[in-house]
S.K.: 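Attaching a single structure in C-alpha coordinates format; questions to follow.
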Amino acid sequence: MTKSAVISLAEELTQEYSIPEDVSVKITTTYLKLFRRCPDNGINTLDAWRITLWTKALGEKYSYLAKKIYERWLYLRYYYLTLASDVISMLRQLRVKYLLGLITNGPSNAQWEKIRKLSLEQYFDIILVSGDLPWEKPQREIFRKACRFLNVEPDSCIMVGDKLETDILGGIEAGLGGTIWIPTLDKSLLLREVPQPDFTIRHITDLSSILNRGPDAPELEDSSSNASDGS
(Lines give C-alpha, C1' and ligand atoms only; values in the text may rest on other atoms or scores of the structure.)
Protein backbone atom coordinates (compact mmCIF):
# COMPACT_ATOMS: atom_id res chain seq x y z
CA MET A 1 0.00 0.00 0.00
CA THR A 2 2.95 2.30 0.55
CA LYS A 3 3.81 1.55 -3.07
CA SER A 4 0.37 2.72 -4.20
CA ALA A 5 0.87 5.96 -2.31
CA VAL A 6 4.17 6.78 -4.03
CA ILE A 7 2.78 5.88 -7.46
CA SER A 8 -0.05 8.38 -6.94
CA LEU A 9 2.39 10.91 -5.53
CA ALA A 10 4.68 10.59 -8.57
CA GLU A 11 1.76 11.56 -10.78
CA GLU A 12 1.01 14.56 -8.56
CA LEU A 13 4.64 15.72 -8.66
CA THR A 14 4.39 15.92 -12.43
CA GLN A 15 0.92 17.45 -12.53
CA GLU A 16 1.25 19.93 -9.64
CA TYR A 17 4.92 20.89 -9.76
CA SER A 18 5.81 20.29 -13.43
CA ILE A 19 8.55 17.84 -12.48
CA PRO A 20 9.35 15.61 -15.47
CA GLU A 21 7.63 12.24 -15.25
CA ASP A 22 10.85 10.19 -15.20
CA VAL A 23 12.28 12.43 -12.46
CA SER A 24 9.08 12.11 -10.41
CA VAL A 25 9.26 8.33 -10.61
CA LYS A 26 12.94 8.38 -9.62
CA ILE A 27 12.20 10.66 -6.64
CA THR A 28 9.37 8.53 -5.26
CA THR A 29 11.20 5.26 -5.94
CA THR A 30 14.24 6.59 -4.11
CA TYR A 31 12.12 7.64 -1.16
CA LEU A 32 10.44 4.25 -0.96
CA LYS A 33 13.84 2.52 -0.89
CA LEU A 34 15.09 4.85 1.85
CA PHE A 35 11.89 4.42 3.84
CA ARG A 36 11.93 0.63 3.65
CA ARG A 37 15.60 0.51 4.59
CA CYS A 38 15.07 2.65 7.70
CA PRO A 39 11.48 3.72 8.45
CA ASP A 40 12.31 4.99 11.92
CA ASN A 41 15.18 6.80 13.60
CA GLY A 42 16.20 6.74 17.25
CA ILE A 43 17.20 10.41 17.33
CA ASN A 44 14.54 12.24 15.30
CA THR A 45 10.76 12.20 15.48
CA LEU A 46 8.95 10.28 12.76
CA ASP A 47 7.97 13.50 10.99
CA ALA A 48 11.48 14.97 11.10
CA TRP A 49 13.08 11.73 9.95
CA ARG A 50 10.73 11.28 7.01
CA ILE A 51 11.19 14.88 5.91
CA THR A 52 14.93 14.17 5.92
CA LEU A 53 14.35 11.15 3.68
CA TRP A 54 12.21 13.21 1.30
CA THR A 55 14.90 15.90 1.22
CA LYS A 56 17.41 13.28 0.08
CA ALA A 57 15.03 11.77 -2.46
CA LEU A 58 14.03 15.13 -3.96
CA GLY A 59 17.62 16.23 -4.41
CA GLU A 60 18.98 19.76 -4.27
CA LYS A 61 16.71 21.11 -7.02
CA TYR A 62 13.42 20.14 -5.37
CA SER A 63 14.38 19.78 -1.71
CA TYR A 64 12.38 22.90 -0.81
CA LEU A 65 9.24 20.78 -1.36
CA ALA A 66 10.22 18.15 1.23
CA LYS A 67 7.79 19.13 4.01
CA LYS A 68 4.85 19.63 1.66
CA ILE A 69 5.51 16.36 -0.20
CA TYR A 70 5.91 14.45 3.07
CA GLU A 71 2.54 15.67 4.32
CA ARG A 72 0.90 14.64 1.06
CA TRP A 73 2.60 11.23 1.15
CA LEU A 74 1.42 10.69 4.72
CA TYR A 75 -2.16 11.41 3.70
CA LEU A 76 -1.97 9.08 0.69
CA ARG A 77 -0.26 6.36 2.73
CA TYR A 78 -3.18 6.07 5.14
CA TYR A 79 -5.73 6.62 2.43
CA TYR A 80 -4.52 3.42 0.77
CA LEU A 81 -4.04 1.56 4.07
CA THR A 82 -7.55 2.26 5.39
CA LEU A 83 -9.48 -0.94 6.12
CA ALA A 84 -12.31 -1.70 3.73
CA SER A 85 -15.81 -1.82 5.20
CA ASP A 86 -16.14 -5.57 4.58
CA VAL A 87 -12.89 -6.22 6.47
CA ILE A 88 -14.06 -4.11 9.41
CA SER A 89 -17.37 -5.97 9.45
CA MET A 90 -15.57 -9.33 9.42
CA LEU A 91 -13.27 -8.36 12.30
CA ARG A 92 -16.20 -7.23 14.40
CA GLN A 93 -18.08 -10.44 13.72
CA LEU A 94 -15.07 -12.64 14.44
CA ARG A 95 -14.33 -10.89 17.72
CA VAL A 96 -17.75 -11.86 19.03
CA LYS A 97 -16.72 -15.51 18.86
CA TYR A 98 -12.90 -15.51 18.87
CA LEU A 99 -9.93 -13.82 20.51
CA LEU A 100 -8.01 -11.84 17.90
CA GLY A 101 -4.34 -10.94 18.01
CA LEU A 102 -2.12 -8.86 15.73
CA ILE A 103 1.63 -9.43 15.47
CA THR A 104 3.64 -7.03 13.32
CA ASN A 105 7.33 -6.66 12.60
CA GLY A 106 8.94 -3.25 12.55
CA PRO A 107 10.20 -0.29 14.59
CA SER A 108 7.97 0.56 17.53
CA ASN A 109 7.14 4.21 16.76
CA ALA A 110 6.44 3.64 13.07
CA GLN A 111 4.26 0.59 13.68
CA TRP A 112 2.28 2.15 16.50
CA GLU A 113 1.63 5.20 14.35
CA LYS A 114 0.10 2.89 11.77
CA ILE A 115 -1.92 0.98 14.37
CA ARG A 116 -3.35 4.16 15.87
CA LYS A 117 -4.05 6.01 12.63
CA LEU A 118 -5.97 2.97 11.39
CA SER A 119 -7.74 2.55 14.77
CA LEU A 120 -6.72 -1.11 14.88
CA GLU A 121 -6.77 -1.40 18.67
CA GLN A 122 -10.56 -1.62 18.69
CA TYR A 123 -10.50 -4.82 16.60
CA PHE A 124 -7.88 -6.87 18.47
CA ASP A 125 -7.50 -8.29 21.97
CA ILE A 126 -3.70 -8.10 21.80
CA ILE A 127 -1.25 -6.27 19.53
CA LEU A 128 2.45 -7.07 19.59
CA VAL A 129 5.08 -5.00 17.76
CA SER A 130 8.47 -6.63 17.32
CA GLY A 131 10.23 -3.32 17.98
CA ASP A 132 9.00 -3.51 21.59
CA LEU A 133 10.28 -7.06 22.06
CA PRO A 134 13.49 -9.10 21.75
CA TRP A 135 11.95 -11.21 18.97
CA GLU A 136 10.24 -10.80 15.62
CA LYS A 137 8.40 -13.07 13.21
CA PRO A 138 9.20 -15.86 12.35
CA GLN A 139 10.74 -16.50 15.79
CA ARG A 140 8.41 -18.76 17.72
CA GLU A 141 8.73 -16.77 20.95
CA ILE A 142 6.71 -13.83 19.66
CA PHE A 143 3.83 -16.15 18.72
CA ARG A 144 4.03 -17.92 22.05
CA LYS A 145 3.96 -14.56 23.86
CA ALA A 146 0.74 -13.64 22.03
CA CYS A 147 -0.77 -16.96 23.13
CA ARG A 148 0.21 -16.29 26.75
CA PHE A 149 -1.36 -12.83 26.65
CA LEU A 150 -4.57 -14.34 25.31
CA ASN A 151 -4.38 -17.24 27.78
CA VAL A 152 -4.75 -19.86 25.05
CA GLU A 153 -2.72 -22.85 23.93
CA PRO A 154 -0.76 -22.49 20.65
CA ASP A 155 -2.49 -25.49 19.09
CA SER A 156 -5.86 -23.76 19.49
CA CYS A 157 -4.72 -20.78 17.40
CA ILE A 158 -4.31 -20.13 13.70
CA MET A 159 -1.97 -17.71 11.97
CA VAL A 160 -3.26 -15.67 9.04
CA GLY A 161 -0.76 -13.70 6.97
CA ASP A 162 0.56 -12.74 3.56
CA LYS A 163 4.26 -13.54 4.09
CA LEU A 164 5.36 -17.14 3.89
CA GLU A 165 8.81 -16.47 5.34
CA THR A 166 7.55 -14.74 8.49
CA ASP A 167 3.83 -15.33 9.09
CA ILE A 168 3.45 -18.89 7.87
CA LEU A 169 6.88 -20.17 8.89
CA GLY A 170 6.50 -18.56 12.31
CA GLY A 171 3.08 -20.12 12.83
CA ILE A 172 4.44 -23.54 11.92
CA GLU A 173 7.53 -23.19 14.11
CA ALA A 174 5.42 -22.02 17.06
CA GLY A 175 3.20 -25.10 16.82
CA LEU A 176 0.00 -23.23 16.07
CA GLY A 177 -3.07 -25.23 15.15
CA GLY A 178 -3.07 -24.00 11.54
CA THR A 179 -1.80 -21.43 9.08
CA ILE A 180 -3.67 -19.53 6.37
CA TRP A 181 -1.86 -17.67 3.61
CA ILE A 182 -3.20 -14.67 1.68
CA PRO A 183 -0.80 -14.27 -1.26
CA THR A 184 -0.01 -10.88 -2.70
CA LEU A 185 -0.80 -10.37 -6.36
CA ASP A 186 2.83 -10.64 -7.41
CA LYS A 187 3.54 -13.75 -5.36
CA SER A 188 0.59 -16.09 -5.64
CA LEU A 189 2.22 -19.47 -6.31
CA LEU A 190 3.76 -21.78 -3.77
CA LEU A 191 7.16 -23.25 -4.46
CA ARG A 192 7.87 -26.65 -2.96
CA GLU A 193 10.81 -25.42 -0.88
CA VAL A 194 8.91 -22.64 0.94
CA PRO A 195 6.83 -23.02 4.13
CA GLN A 196 3.54 -24.70 3.27
CA PRO A 197 0.37 -23.17 4.78
CA ASP A 198 -2.62 -25.32 5.57
CA PHE A 199 -4.92 -23.16 3.45
CA THR A 200 -4.65 -20.39 0.88
CA ILE A 201 -7.35 -17.76 0.53
CA ARG A 202 -7.62 -14.97 -2.02
CA HIS A 203 -9.02 -12.27 0.26
CA ILE A 204 -9.02 -11.77 4.01
CA THR A 205 -12.83 -11.94 4.13
CA ASP A 206 -12.61 -15.54 2.88
CA LEU A 207 -11.31 -16.37 6.35
CA SER A 208 -14.88 -16.76 7.61
CA SER A 209 -15.47 -19.64 5.21
CA ILE A 210 -12.74 -21.60 6.97
CA LEU A 211 -13.54 -20.66 10.56
CA ASN A 212 -17.28 -21.19 10.19
CA ARG A 213 -17.21 -24.50 8.37
CA GLY A 214 -20.01 -26.81 9.32
CA PRO A 215 -20.09 -30.62 8.98
CA ASP A 216 -21.73 -30.35 5.55
CA ALA A 217 -19.54 -27.53 4.22
CA PRO A 218 -18.01 -28.04 0.76
CA GLU A 219 -14.33 -28.88 0.54
CA LEU A 220 -12.03 -25.84 0.44
CA GLU A 221 -9.03 -25.41 -1.78
CA ASP A 222 -6.01 -26.31 0.30
CA SER A 223 -2.51 -25.12 -0.39
CA SER A 224 -1.43 -28.24 -2.24
CA SER A 225 -3.69 -27.32 -5.16
CA ASN A 226 -1.82 -24.02 -5.48
CA ALA A 227 1.63 -25.55 -5.44
CA SER A 228 4.19 -25.07 -8.15
CA ASP A 229 7.62 -26.42 -8.85
CA GLY A 230 8.62 -23.03 -10.21
CA SER A 231 8.66 -24.08 -13.86
S.K.: Excluding sequence neighbours, so at least two apart, what forms side-chain hydrogen bond (donor to acceptor under 3.5 Å, both in side chains) with W135?
M.R.: none
S.K.: Do the non-hydrogen side-chain atoms of I142 and K137 ever get within less than 4.5 Å of each other?
M.R.: yes
S.K.: Grouping I, L, V, M, F, W and Y whenever their side-chain heavy atoms are under 4.5 Å apart, do I182 and L211 come out in a common cluster?
M.R.: yes
S.K.: Tell me if a side-chain donor or acceptor on T28 pairs with a main-chain N or O of V25 at a distance below 3.5 Å.
M.R.: yes
S.K.: State whether the number of non-hydrogen atoms from other residues, nucleotides or ligands found under 6.0 Å of Q122 atom CD is greater than 12.
M.R.: yes
S.K.: Mind listing the closest non-hydrogen atom pair of P195 and I172 along with its distance?
M.R.: CB-CD1, 4.3 Å
S.K.: Between atom CD1 of I201 and atom OG of S209, what is the distance when rounded to the nearest 0.5 Å?
M.R.: 7.0 Å
S.K.: Step through the shown structure and confirm whether more than 12 heavy atoms of other residues, nucleotides or ligands are within 6.0 Å of OH on Y75.
M.R.: no
S.K.: Same hydrophobic cluster for V129 and L100, using side-chain heavy-atom links shorter than 4.5 Å among ILVMFWY?
M.R.: yes
S.K.: If you look at every heavy atom in T166 and F143, which pair is closest and at what distance?
M.R.: O-CZ, 3.9 Å
S.K.: So, using ring pair (Phe, Tyr, Trp, His ring centres under 6.0 Å) as the criterion, who are the partners of Y123 when residues are at least two apart?
M.R.: none
S.K.: Checking the side chain of T179 only, and the main-chain atoms of G171 only, is there a donor and an acceptor separated by less than 3.5 Å?
M.R.: no
S.K.: Given Q111 and T104, is the side chain to side chain donor-acceptor pair (under 3.5 Å) satisfied, shown in steps?
M.R.: CA-CA 8 Å; Q111 294 302 91; T104 179; 2.5 Å; yes
S.K.: Roughly how far apart are I69 CD1 and E16 CD, rounded to 0.5 Å?
M.R.: 9.0 Å
S.K.: Where is the tightest heavy-atom contact between A110 and D40, given as atom of each residue plus distance?
M.R.: N-OD2, 3.6 Å
S.K.: Scan for salt bridge (charged side-chain N to carboxylate O under 4.0 Å, His left out) pairs involving residues 171-182, sequence neighbours excluded, and state none if there are none.
M.R.: R140-E173
S.K.: Under the 3.5 angstrom rule, does the side chain of S130 hit a backbone N or O of G106 as a donor-acceptor pair?
M.R.: yes
S.K.: Heavy atoms only: give me the nearest T55-S63 pair and the separation to one decimal.
M.R.: CG2-CB, 3.9 Å
S.K.: Show me the side-chain donor-acceptor pairs of residues 148-156 shorter than 3.5 Å, one per line, residues at least two apart or across chains.
M.R.:
unit_1: S156; atom_1: OG; unit_2: E153; atom_2: O; d: 2.7

S.K.: T14 vs S24, test: side chain to side chain donor-acceptor pair (under 3.5 Å). Steps then yes/no.
M.R.: CA-CA 6 Å; T14 298; S24 295; 2.9 Å; yes
S.K.: Apply side chain to side chain contact (heavy atoms under 4.5 Å, CB included) to the pair T30 and L34, showing each step before the final yes or no.
M.R.: CA-CA 6 Å; T30 298; L34 292 171; 4.1 Å; yes
S.K.: Any non-hydrogen side-chain atom of I115 less than 4.5 Å from a side-chain atom of F124?
M.R.: no
S.K.: Applying side chain to side chain contact (heavy atoms under 4.5 Å, CB included) to L94 and L207, what does each step give before you reach the verdict?
M.R.: CA-CA 10 Å; L94 289 179; L207 177 61; 3.9 Å; yes
S.K.: Using only heavy-atom distances, determine whether the side chains of T184 and D162 contain a donor-acceptor pair under 3.5 Å.
M.R.: no
S.K.: Determine whether the side chains of D167 and W181 contain a donor N or O and an acceptor N or O closer than 3.5 Å.
M.R.: no
S.K.: Going only through I, L, V, M, F, W and Y residues with side-chain contacts under 4.5 Å, is there a path from L169 to F199?
M.R.: no
S.K.: Could you list all the ring pair (Phe, Tyr, Trp, His ring centres under 6.0 Å) pairs where at least one residue sits in residues 81-104, not counting sequence neighbours?
M.R.: none
S.K.: Taking the six-membered ring for Trp and the full ring for Phe, Tyr or His, determine whether the centres of Y70 and W49 are under 6.0 Å apart.
M.R.: no
S.K.: What donor-acceptor contacts under 3.5 angstrom involve side-chain atoms of residues 84-91, with partners at least two apart or in another chain?
M.R.:
unit_1: S89; atom_1: OG; unit_2: Q93; atom_2: NE2; d: 3.2

S.K.: Considering only residues two or more places apart or on different chains, which pairs with a residue in residues 111-127 satisfy salt bridge (charged side-chain N to carboxylate O under 4.0 Å, His left out)?
M.R.: R50-E113, R95-D125
S.K.: Within this structure, what is the CG-CG distance for the pair L9 and L76, rounded to the nearest 0.5 Å?
M.R.: 6.0 Å
S.K.: Restricting to side-chain hydrogen bond (donor to acceptor under 3.5 Å, both in side chains), what partner residues turn up for R144, sequence neighbours left out?
M.R.: none
S.K.: M159, I204: one ILVMFWY side-chain cluster at the under-4.5 Å cut-off?
M.R.: no
S.K.: What is the distance from atom CG of L102 to atom CG of L128, rounded to the nearest 0.5 Å?
M.R.: 8.0 Å
S.K.: Please evaluate residues S8 and Y80 with respect to the criterion side chain to side chain contact (heavy atoms under 4.5 Å, CB included), reporting the C-alpha separation (whole Å), side-chain torsions for both, the decisive distance (0.1 Å), and the verdict.
M.R.: CA-CA 10 Å; S8 293; Y80 284 107; 2.5 Å; yes
S.K.: Aromatic rings Y31 and W73: how do their planes relate, parallel, tilted or perpendicular, breaks at 30° and 60°?
M.R.: perpendicular
S.K.: Any chance you could measure E21, atom CD, to L13, atom CG, to the nearest 0.5 Å?
M.R.: 11.0 Å
S.K.: Salt-bridge test for E141 and K145: reply yes if a basic N is under 4.0 Å from a carboxylate O, no otherwise.
M.R.: no
S.K.: If you look at every heavy atom in A146 and I103, which pair is closest and at what distance?
M.R.: CB-CD1, 3.9 Å
S.K.: Test of understanding: with side-chain hydrogen bond (donor to acceptor under 3.5 Å, both in side chains), list the residues that count as partners of T52, not counting sequence neighbours.
M.R.: none
S.K.: Members other than L46 in its cluster, when Ile, Leu, Val, Met, Phe, Trp, Tyr link by side-chain heavy atoms under 4.5 Å?
M.R.: none
S.K.: Dump the intermediate steps for side chain to side chain contact (heavy atoms under 4.5 Å, CB included) on L32 and T29, then the final yes or no.
M.R.: CA-CA 5 Å; L32 188 56; T29 300; 5.8 Å; no
S.K.: Look at the side-chain heavy atoms of Ile, Leu, Val, Met, Phe, Trp and Tyr, link any pair under 4.5 Å apart, and say whether W112 and L83 land in one connected group.
M.R.: yes
S.K.: Apply salt bridge (Lys or Arg N to Asp or Glu O under 4.0 Å) to E136 and list each qualifying residue two or more places apart in sequence or on a separate chain.
M.R.: none
S.K.: Roughly how far apart are I210 CD1 and I158 CD1, rounded to 0.5 Å?
M.R.: 7.0 Å
S.K.: Please enumerate all residues that pass side-chain hydrogen bond (donor to acceptor under 3.5 Å, both in side chains) together with E12, with sequence neighbours excluded.
M.R.: R72
